[in-house]
Amino acid sequence: MRMSTTRSRREQYAQATRAAVLAAAGRRFAERGFAGTALEDVAADVHATRGAIYHHFANKTALFAAAFEELDSEATRASAAAARRAPTPWEAALAALEVFLEHCCDPVFGRVVWLEAPIALGSAYWQAAEQDASYRLVEQLVTAMIDSGDIEPQPVRTTTRLLFSMLGAAGIALAQAAPEDKPLVKAEYTAVFTRMVAGLRPAPT
């Protein structure tokens, strides 16, 4: 029992250390970019040694990839959770959109996910990671809206790809926008996105 308790505490400490490193790395990558961030700085932020960083991550690229995936996954989870709380598929899509765009306004998420990731990880890795996470959520939302009659029957794959590309354009625009401009940019993308998807709704009878 004592050995099991000791192992559990060590695992908890290791998990806490890893989480702290990822949070600090995200902030550093957002402030200085991938090229301008040193592992020593991340270690200093969490009062750890460089060796402690290497215990969890093989190199700076691996650390960036983990920070990117954590940020991206959290945004997808939050968007999906907002969708589940909505009463209809249409409202679920709008709720997910709101949460997603709000994440894109965050300076850490915006720069790491949309601006630095394609450079640090390569466009192929970045696109595959995006497809694996948020693309599937968009596809689920589109399918639900078609099944419920909220939008007319559409080719799901084509519709998903188009909407997914639009979300990417919004993410990049918000990441590049000055802090004081983000609310307006977000509002504009929300309005245009909503109007375009509303065009797929059945005509009133």
Side-chain angles (χ1 to χ4, degrees), residues 12 15-16 18-20 22-23 25-27 30 65-115 117 121 125-175 177 182-204:
Q12 290 175 2
Q15 291 172 358
R18 187 178 188 276
L22 285 177
R27 292 190 295 270
F68 158 74
E69 290 170 4
E70 179 67 21
L71 288 166
D72 208 27
S73 296
E74 170 55 30
T76 300
R77 287 193 297 268
S79 298
R84 287 193 298 269
R85 292 191 294 269
T88 68
W90 173 258
E91 291 172 286
L94 296 181
L97 174 65
E98 170 65 22
V99 172
F100 168 77
L101 294 180
E102 192 61 35
H103 271 77
C104 292
C105 290
D106 177 76
V108 174
F109 179 90
R111 183 168 182 185
V112 171
V113 171
W114 294 112
L115 304 183
L121 304 175
Y125 182 103
W126 174 65
Q127 289 173 0
E130 287 294 301
Q131 291 269 349
D132 189 52
S134 51
Y135 181 92
R136 286 184 293 177
L137 176 58
V138 175
E139 185 176 47
Q140 291 167 5
L141 293 170
V142 168
T143 301
M145 286 191 290
I146 292 173
D147 291 345
S148 68
D150 281 327
I151 63 175
E152 294 183 342
Q154 309 287 328
V156 173
R157 186 177 182 184
T158 299
T159 306
T160 300
R161 284 185 170 180
L162 178 60
L163 298 180
F164 184 73
S165 297
M166 291 167 58
L167 291 172
I172 293 172
L174 284 166
K182 290 183 189 294
L184 176 60
V185 175
K186 176 176 174 286
E188 290 177 346
Y189 271 93
T190 299
V192 173
F193 197 96
T194 302
R195 286 199 298 270
M196 292 182 71
V197 179
L200 303 176
R201 304 197 78 176

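Note: hydrogens, waters and symmetry copies are ignored here, and every other heavy atom, side chains too, is used.
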Visitor: OG/Ser134 to CG/Leu141 distance, rounded to the nearest 0.5 angstrom?
Guide: 11.0 Å
Visitor: Return the minimal non-hydrogen interatomic distance between Pro202 and Gly149, and the atom names on each side.
Guide: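 Heavy atoms of Pro202 and Gly149 come nearest at CG-O, 3.3 Å.
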Visitor: I'd like a table of donor-acceptor pairs (distance under 3.5 Å, sequence neighbours excluded) in which one partner is a side-chain atom from residues 96-113, with atom names and distances.
Guide:
residue	atom	partner	partner atom	Å
Glu98	OE1	Lys186	NZ	3.1
Glu98	OE2	Lys186	NZ	2.9
His103	ND1	Val99	O	3.1
Asp106	OD2	Val108	N	3.1
Asp106	OD2	Phe109	N	2.9
Arg111	NE	Glu116	OE2	3.1
Arg111	NH1	Ala30	O	2.9
Arg111	NH1	Glu31	O	3.3
Arg111	NH2	Glu116	OE2	3.1

Visitor: How close do Ala177 and Val185 get, counting heavy atoms only, and between which atoms?
Guide: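 The pair with the smallest heavy-atom distance is CB-CG2, 4.1 Å.
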Visitor: Suppose we screen for side-chain contact (heavy atoms from CB on, under 4.5 Å). Which residues come up paired with Met196, at least two apart in sequence or across chains?
Guide: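 Met196: side-chain contact (heavy atoms from CB on, under 4.5 Å) contacts with Met166, Val192.
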Visitor: Testing the basics here: between Glu152 and Gln154, what is the closest heavy-atom pair and its distance to 0.1 Å?
Guide: O-CG, 3.0 Å
Visitor: Does the side chain to side chain contact (heavy atoms under 4.5 Å, CB included) test come out yes or no for Glu130 and Tyr135, once each step is laid out?
Guide: CA-CA 7 Å; Glu130 287 294 301; Tyr135 181 92; over 6 Å; no
Visitor: If the condition is side chain to side chain donor-acceptor pair (under 3.5 Å), which residues does Glu70 pass it with, not counting sequence neighbours?
Guide: none
Visitor: What distance do Thr88 atom OG1 and Leu94 atom CG have between them, rounded to the nearest 0.5 Å?
Guide: 8.0 Å
Visitor: What are the two closest non-hydrogen atoms of Gly26 and Ala67, and how far apart are they?
Guide: N-CB, 4.5 Å
Visitor: At their closest point, which heavy atom of Tyr189 faces which heavy atom of Ala169, and how far apart are they?
Guide: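 In this case the closest contact between Tyr189 and Ala169 is OH-O, 3.9 Å.
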Visitor: Rounded to the nearest 0.5 Å, what separates atom CG in Leu167 from atom CD1 in Ile172?
Guide: 11.5 Å
Visitor: Under a 4.0 Å N-O cut-off, is there an ion pair linking Arg136 with Glu139?
Guide: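 No.
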Visitor: Looking at Ala66 and Arg18, what are the two nearest heavy atoms and their distance?
Guide: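 Result for this residue pair: CB-NH2, 4.0 Å.
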Visitor: Enter the distance from Thr76:OG1 to Leu71:CG here, rounded to the nearest 0.5 Å.
Guide: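 Going from OG1 on Thr76 over to CG on Leu71, the span is 11.0 Å.
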Visitor: Could you tell me the separation between the CH2 atom of Trp114 and the CH2 atom of Trp126, rounded to the nearest 0.5 Å?
Guide: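 It comes to 5.5 Å.
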Visitor: Would you give the length of the straight line joining atom CD of Glu69 to atom CG of Asp72, rounded to the nearest 0.5 angstrom?
Guide: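 That separation rounds to 8.5 Å.
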